[in-house]
Protein chains: 2
Amino acid sequence: MHATLRDPEPPLTRSVEDYLKAIYHLSSQGGFAATSDIAALLEVAPPSVSGMVKRLSETGLIEHVPYRGVQLTAQGRRAALRMIRRHRVLEVYLSQQLGYDWDGVHTEAERLEHAVSDELIERMAKALGDPQYDPHGAPIPTAAGEIEEAELVPLADAPIGAVIEVRQVADEDAARLRYLAEQGLTPGTLLTVTERQPFNGPTIAKLRPSGEARVVGQELARSLWCRVVTP
Amino acid sequence: MHATLRDPEPPLTRSVEDYLKAIYHLSSQGGFAATSDIAALLEVAPPSVSGMVKRLSETGLIEHVPYRGVQLTAQGRRAALRMIRRHRVLEVYLSQQLGYDWDGVHTEAERLEHAVSDELIERMAKALGDPQYDPHGAPIPTAAGEIEEAELVPLADAPIGAVIEVRQVADEDAARLRYLAEQGLTPGTLLTVTERQPFNGPTIAKLRPSGEARVVGQELARSLWCRVVTP
DNA sequence: TCAAGTGATTAGCATATGCTAAGACTGATC
DNA sequence: GATCAGTCTTAGCATATGCTAATCACTTGA
């Protein structure tokens with residue numbers, strides 16, 4: 001009801017959608033997304049970001065504090081979450097219905113997310129039984145724009161002895177994702193951290209229930225986000 | 001083998017892909033596609049077409065005879081057929097796997113065709129059992145770029161008394177497509193033309209085997225392309 | 001054969017997006 | 001508090017695509 005009464009938001013370009021997604025990801029932790037970080041994520045030069053930032057703040061999608069960074073407005077956040085829903089539903093669909101690998105879905109979804117209609121996304125979601133998580137374990141926003149905010153810690157910071165569940169893999173590199181899949185370190189896996197080497201060394205964990213040991217280097221252990229099941 | 005050795009053709013923009021498709025359709029009968037026809041089909045102003053035509057002939061995708069019109073080169077034709085394959089595979093996929101209506105697939109495919117990868121199209125085609133025709137009966141080019149060229153006549157010209165098969169509906173208007181579906185006039189339907197009213201009047205045909213009569217106005221009968229089964 | 005009309009092209013401009021080079025700001029260090 | 005390194009922004013430009021208005025060329029009818 002309310003949604004249909006709202007002013008019809010004008011269609012956004014592909015670029016704009018990419019900027020909004022980037023800003024969402026970069027500002028989800030701290031408050032502001034920095035120009036140079038946006039530039040690095042989107043692989044454009046910083047002045048291109050400045051230009052786009054000006055346009056986006058004029059249309060009310062972001063707030064810009066010069067020399068500080070940008071934040072999404074409510075409208076910008078809505079648009080960003082819509083893109084993220086599209087991306088993640090597409091990832092699940094491609095991997096479950098079309099046999100894509102866990103590590104190959106990202107690139108395809110990256111292009112499709114700008115072209116699909118809302119109707120197609122909802123049909124895909126329904127065909128999949130309205131999934132809550134994408135293949136990398138990231139939560140899928142609802143069509144209404146709500147997203148689960150879970151308390152997760154990187155495996156590298158997980159307390160020794162705790163039972164933890166791998167929830168999310170924050171890495172898009174196909175080779176790394178493939179490696180994690182081979183190691184059985186996919187969302188849903190339960191682990192006990194047994195040991196952590198000093199000086200940013202690897203984390204050592206046992207798979208549950210099998211008890212097999214896994215040695216996870218510092219870098220990977222930073223991108224494996226986990227939920228602490230029993231401390 | 002050969003395909004992988006060919007120079008990697010540079011990615012085309014969405015606009016360019018649309019122009020090539022339009023030129024393919026407009027020049028499939030006669031030799032040349034006229035500027036004004038391209039402009040009408042793509043809903044742009046004629047000078048925009050002139051500009052694009054210049055760029056496309058510089059990159060070798062089309063041949064331009066000033067004041068005459070344009071034709072696709074071999075390279076342009078290859079690119080156009082690739083888009084048409086994408087479009088039609090998408091239409092079949094959307095209608096068979098995601099429950100889209102016969103008349104609703106076109107718009108969605110129109111946007112997606114520019115974003116999907118070749119790999120996704122081949123996965124969809126395989127999941128569908130490599131279909132030969134799209135939901136409107138149009139032939140789907142092969143991945144290698146071959147397309148069936150059938151001898152079809154509009155229902156409006158079909159000989160009286162002949163048994164004919166509806167093969168293809170050359171109309172994109174959703175309401176008209178829905179109407180034809182209601183009337184049972186979809187690709188594969190067999191008919192006998194019993195009568196044609198003079199002065200461009202309607203064609204009257206009987207469905208086979210049921211014998212039910214259908215009165216088809218001149219305009220629709222021009223967009224229903226048929227194969228003559230027995231003269 | 002030539003003039004009119006239709007259709008195509010060119011000229012000139014607008015917008016979105018990107019770039020490099022140069023200048024402006026901020027925060028940390030002495 | 002002054003300076004410097006790093007970051008951000010502005011200036012100026014390029015490309016792709018679109019538009020309108022004006023001009024040009026082909027065809028056809030008188």
Side-chain angles (χ1 to χ4, degrees), chain A residues 9-23 26-27 29-72 76 79-80 83 110-111 113-115, chain B residues 9-23 26-27 29-72 76 79-80 83 110-111 113-115:
Chain A
E9 289 168 15
L12 305 175
T13 65
R14 197 204 142 120
S15 278
V16 167
E17 290 172 342
D18 281 337
Y19 275 94
L20 294 177
K21 261 200 340 177
I23 293 166
L26 290 170
S27 61
Q29 312 292 331
F32 287 89
T35 300
S36 53
D37 292 343
I38 301 171
L41 197 53
L42 297 179
E43 303 186 88
V44 298
S48 306
V49 176
S50 286
M52 179 61 88
V53 157
K54 174 168 288 178
R55 288 191 290 276
L56 294 183
S57 31
E58 277 162 7
T59 50
L61 290 160
I62 63 177
E63 297 268 347
H64 180 212
V65 181
Y67 293 95
R68 250 320 207 333
V70 297
Q71 274 183 316
L72 296 174
M83 295 316 292
E110 197 67 26
R111 270 176 294 106
E113 65 188 11
H114 305 287
Chain B
E9 288 168 15
L12 305 175
T13 65
R14 197 204 141 120
S15 279
V16 167
E17 290 172 341
D18 281 336
Y19 274 94
L20 294 177
K21 260 198 343 176
I23 293 166
L26 290 170
S27 61
Q29 312 292 329
F32 286 89
T35 299
S36 54
D37 291 343
I38 300 171
L41 196 53
L42 297 179
E43 302 185 271
V44 299
S48 306
V49 176
S50 287
M52 179 61 88
V53 157
K54 174 169 290 179
R55 288 190 291 275
L56 294 183
S57 29
E58 276 161 7
T59 50
L61 289 160
I62 63 176
E63 296 268 348
H64 180 212
V65 181
Y67 292 96
R68 242 337 204 324
V70 297
Q71 276 183 315
L72 296 174
M83 295 315 292
E110 198 67 29
R111 269 174 296 105
E113 65 189 10
H114 304 288

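These values consider heavy atoms only, across backbone and side chains, with no hydrogens, waters or symmetry-generated copies. Every chain is numbered from 1, with letters handed out A, B, ... down the list of sequences.
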Can you name the closest pair of heavy atoms from [X] and [Y] and give their distance?
X	Y	value
A:Gly76	A:Leu20	O-CD1, 4.4 Å
B:Tyr19	B:Val44	OH-CG2, 3.7 Å
A:Ser27	A:Ala33	CB-N, 4.1 Å

Rounded distance in Å - CG (B:Leu26) to C1' (C:dG7): 15 Å
Classify [X] by what it touches in the nucleic acid, base, sugar-phosphate, or nothing, heavy-atom distance under 4.0 Å.
X	value
A:Ser50	base
A:Ser36	sugar-phosphate
B:Arg68	nothing

From A:Glu63 atom CD to A:Phe32 atom CZ, the distance as rounded to the nearest 0.5 Å: 8.5 Å
Contact boundaries on DNA chain D for chain A, cut-off under 4.0 Å to non-hydrogen atoms: D:dC8 to D:dT10
With sequence neighbours excluded, residues passing salt bridge (Lys or Arg N to Asp or Glu O under 4.0 Å) with B:Asp37: none
Among B:Met83, B:Arg14, B:Glu17, the one residue meeting side-chain contact (heavy atoms from CB on, under 4.5 Å) with B:Glu113: B:Met83
Given DNA chain C, 5'-ward residue of the pair A:Pro66 and A:Thr13, judged by closest heavy atom: A:Thr13
